[in-house]
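Everything below concerns the one structure shown next.
Both backbone and side-chain heavy atoms feed into the values below; hydrogens, waters and symmetry mates do not. Start at 1 with the first residue, then count along the sequence.
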Amino acid sequence: MAIPHAPMDRHDQPTREMNHLRSGNRMDAQRAREPEWRTTGEEPDYRFTLANERTFLAWIRTALAVLAAGVLLDQFSTKLRPHLLVVLVASALCLLAAMLSVMAYRRWQHNEIAMRHKSPLPHSRVLAWLAGAVLATSAALAVLITASIIGIQS
């Protein structure tokens, strides 16, 4: 015996994506969500795509490590003075982590587009930028540690 269903109003109408999933056609639903740039050019060799994703994940791990350093510096630096400078360095590290995560995605996207169009991979200034940020942070922390050792108070 069939169970009667209540009539559906316009809010209960299944979406196009749900229709694809119900019909078992998951590839169509996945393609419906893809950004436009992923539908241009040729599909690259999956090994290159996976390598590009591994590089993206390495950048994300770097961003998480920088974020952790900022949080740890803020929470556990009880001896470093002046405290305002410590907070500024910790905040700068957290902002650097946020920017790195955005740059990681952009780098992955640009590399993917280049591979799809069989173009050379684009040059990225992120490495030089990251090296400069690490240099500046290291110098600031060295000054803070040295000042705390020799007893400079604020």
Please answer: with hydrophobic residues joined when any side-chain heavy atoms are less than 4.5 Å apart, are [X] and [Y] in the same cluster?
X: Met99; Y: Leu67; answer: no
X: Leu93; Y: Ile60; answer: no
X: Val102; Y: Val126; answer: no
X: Val134; Y: Leu100; answer: yes
X: Leu57; Y: Met103; answer: no

Flag side-chain contact, heavy atom, 4.5 Å: [X] against [Y]:
X: Gln109; Y: Arg107; value: no
X: Pro44; Y: Glu112; value: yes
X: Leu141; Y: Leu73; value: yes
X: Trp129; Y: Leu96; value: yes
X: His110; Y: Leu121; value: no
X: Pro82; Y: Leu85; value: yes
X: Ser77; Y: Leu144; value: no
X: Thr55; Y: Asn111; value: no

From Val143, Leu80, Thr137, Leu84, residue fulfilling side chain to side chain contact (heavy atoms under 4.5 Å, CB included) relative to Val89 | Thr137
More than 12 foreign heavy atoms under 6.0 Å from CZ of Phe48: is that the case here?
->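 Open: at most 12 neighbouring heavy atoms sit under 6.0 Å from CZ of Phe48.
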For the residue pair Phe56 and Trp59, is the inter-centroid distance of their aromatic rings smaller than 6.0 Å?
->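 No; Trp59 has its ring centre 6.0 Å or more from that of Phe56.
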Of all the heavy-atom pairs spanning Ala114 and Pro120, show the shortest one and how long it is.
-> CB-O, 3.6 Å
Which atoms form the tightest heavy-atom contact between Ala63 and Ser101, and what is the distance?
-> CB-N, 4.1 Å
Quick one: does Asp74's side chain have a donor or acceptor within less than 3.5 Å of a partner on Ala90's backbone?
->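 Not at all, since once roles are kept as given, no pair shorter than 3.5 Å links the two residues.
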Output for pair (Lys79 NZ, Ile149 CD1), nearest 0.5 Å, gives 10.0 Å
Do Arg116 and Glu42 sit within salt-bridge range, that is, some charged N less than 4.0 Å from a carboxylate O?
-> no
